[in-house]
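Structure first, then comments.
We use all heavy atoms of the structure for the numbers below, so side chains are in, but hydrogens, waters and symmetry mates are not. Here is how names work: the chains are called A, B, and so on, in the same order as the sequence lines, proteins then strands, and each is numbered from 1.
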Amino acid sequence: MTEALLDIQRLDAFYGDFQALYGVGMQVNRGDVIAVIGANGAGKTTLMRAVTGFLRARPDAVCWKGRPIGGMRVDQIAALGIALVPEGRLLFASLSVEENLMIGGQLKRKGPWSLKRIYDLFPVLEERRNAPATSLSGGQQQMVAIGRALMSNPELIMMDEISLGLAPVIIRSIYEALPGIIGEGLTAIVVEQDIAKALSVSSRVYCLQEGRVSLTGPSGKVSHDEISRAYFGI
Amino acid sequence: MEFWLEPIIQGILLGGLYALFAAGLSLIFGVMRLVNIAHGDLIVLSSYVALTTSVMLGLHPLAAALIVVPVMALAGYGLQRLLLNRTMGNDILPPLLVTFGLSVIIQNALLTFYSADPQKLKAGAIETASLGIGPVSVGVLPLIVFMTAVLVIGLLQWMFYHTALGRAFRATSDRQDIVQLMGINRAHIFALAMALALAVTALAGVFLGIRTSFDPAAGGSRLIFGFEAVIIGGLGNIWGTLAGGVILGVAQTLGAKIDPGFQVQAGHLVFLIILAVRPRGLFPRID
Ligand SMILES: Nc1ncnc2c1ncn2[C@@H]1O[C@H](COP(=O)(O)OP(=O)(O)OP(=O)(O)O)[C@@H](O)[C@H]1O
Ligand SMILES: [Mg+2]
């Protein structure tokens, strides 16, 4: 068995006195697409924040290629090749579309992704390249957020609810772009409220419930009943 | 007509100095939302550093600037990394209080090392040289100060909009947290902003010291003039800061023309009027 790319073990996370994650474990191998599902407030975003370094974690609670990275600075973790498409997109408002993409590439990691490749993937962004990023429609902003993360040529990309607040047709077009992204040998963690969507793109699913992993298994094998029990706790 | 033309031109040129006071203040507020109460004292500290450098090395004050600018930039980097970064957070009050303390410390240190006697940087013939332009005569030194201010502000503007560092500054200003996901070390970016701000401050200090005499307590009014120029021009607009400096300068020289004792008050008055009519300044950033 090969060493996991990302190995999360007994991860606890806190907001002040409030504990949001309890002993979460997750193994992500190179090339995996992992779906993380769970109800509102289950702790999905908190998990992303702990992995990227925004929330303090015990050093060996998060290991990258066998090396403990918990508690490292956010920019140091990003430099390792872990990128996040944050919930709510969170683009830089005073930067143009192209500048948002370029700042994503500021790390200058080597790899297939460049401005040109992003524009091939999302042609509409090239048309709007000089527009202020936040003047775009929600779907286009989500494309910028995905492109910004890809520009760092990450080994692992984590996407937190990329379909949140978007029209179904837009969601479909973004999900249609996903195979082209993940096909590049990328490893991905996709957080999604839409269970069917999550299962269809992923190889393995983790369900969170009140800060704990309530279910995990191959996406093709978990049953509907198992999921609704893990999701709602009934 | 000429009676008014001369003070107006003098005021415009004086505005260049005020824009230099203001640029550093505006830069650090823009990038990290830090209100630097010690800014005026850092200007005066730069004047003293220039004094010591020019006396000890026998340099012309303008040549001493070549040393003072990098020294202050380095000091700014260190100050931010070692002290101010520890106070930065969601609350803007702790860093504000720390810079207030810094202001007191700088003033007292200057008092200890240099005494309360007014000092001046001696720049020789250039201090009194003037050019006759049509009916008015214009001081060479104020002209140099003004052109330097235009150049500095032009460079800052270019840096902000056409370099990777400027992009990082703007992104940090937008979202201090998310910018770190781009692999950018926020502590380093903050320190670079402070270094750049103090480099500009150093220039302002040299020019201030050549223009007028200074003493350890001279920082307060420089801070106020800098603030007024920033607010008049509109936060977040660097060319607006130059305009703000010019408006303040003209108000002051016209005020002095009416009554020499009215100079500073005239500036405050115009500032208050503009604040009342346009609370966001004349040229706020459009966003
Ligand atoms: N900044 C914060 N301060 C305090 N508590 C927080 C904070 N952010 C989240 N929480 C709490 O932590 C728990 C997990 O929140 P989290 O945002 O991780 O959920 P989520 O699974 O991402 O939900 P959603 O689907 O709504 O995005 C919730 O109970 C939430 O109220
Ligand atoms: Mg969430």
Could you please show the donor-acceptor pairs under 3.5 angstrom between chain A and chain B, with distances rounded to 0.1 Å?
{"unit_1": "A:L91", "atom_1": "O", "unit_2": "B:R175", "atom_2": "NE", "d": "2.8"}
{"unit_1": "A:A93", "atom_1": "N", "unit_2": "B:D174", "atom_2": "OD2", "d": "3.0"}
{"unit_1": "A:S94", "atom_1": "N", "unit_2": "B:D174", "atom_2": "OD2", "d": "2.7"}
{"unit_1": "A:S94", "atom_1": "O", "unit_2": "B:R170", "atom_2": "NH1", "d": "3.1"}
{"unit_1": "A:S94", "atom_1": "OG", "unit_2": "B:D174", "atom_2": "OD1", "d": "2.9"}
{"unit_1": "A:S94", "atom_1": "OG", "unit_2": "B:D174", "atom_2": "OD2", "d": "2.7"}
{"unit_1": "A:E99", "atom_1": "OE1", "unit_2": "B:R170", "atom_2": "NH1", "d": "3.2"}
{"unit_1": "A:E99", "atom_1": "OE2", "unit_2": "B:R170", "atom_2": "NH2", "d": "2.6"}
{"unit_1": "A:Q106", "atom_1": "OE1", "unit_2": "B:R167", "atom_2": "NH2", "d": "3.3"}

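- A 6.0 Å sphere centred on CD1 of B:I92 holds no more than 12 heavy atoms belonging to other residues, nucleotides or ligands.
- For A:Y22, the OH atom sits in a packed shell: over 12 heavy atoms of surrounding residues, nucleotides or ligands are nearer than 6.0 Å.
- Remark: the backbone N or O of A:G31 is paired with a side-chain donor or acceptor of A:T187 at under 3.5 angstrom.
- When atom types are taken as modelled, the side chain of A:K197 and the backbone of A:Y175 share no donor-acceptor pair closer than 3.5 angstrom.
- The closest side-chain heavy-atom distance from A:N40 to A:Q193 is below 4.5 Å.
- Neither the backbone nor the side chain of A:M151 has a heavy atom closer than 4.5 Å to any heavy atom of chain B.
- Taking the ring-ring contact (aromatic ring centres under 6.0 Å, His included) definition, one finds that A:F122 meets it with nothing, sequence neighbours left out.
- The residue among A:V74, A:L80, A:I82, A:L90 with the most heavy atom pairs within less than 4.5 Å of chain B is A:L90.
- Looking at A:I77, there are no atoms closer than 4.5 Å to chain B (heavy atoms on both sides), in backbone or side chain.
- With salt bridges taken as basic N to acidic carboxylate O contacts below 4.0 Å, none links A:R10 and A:D12.
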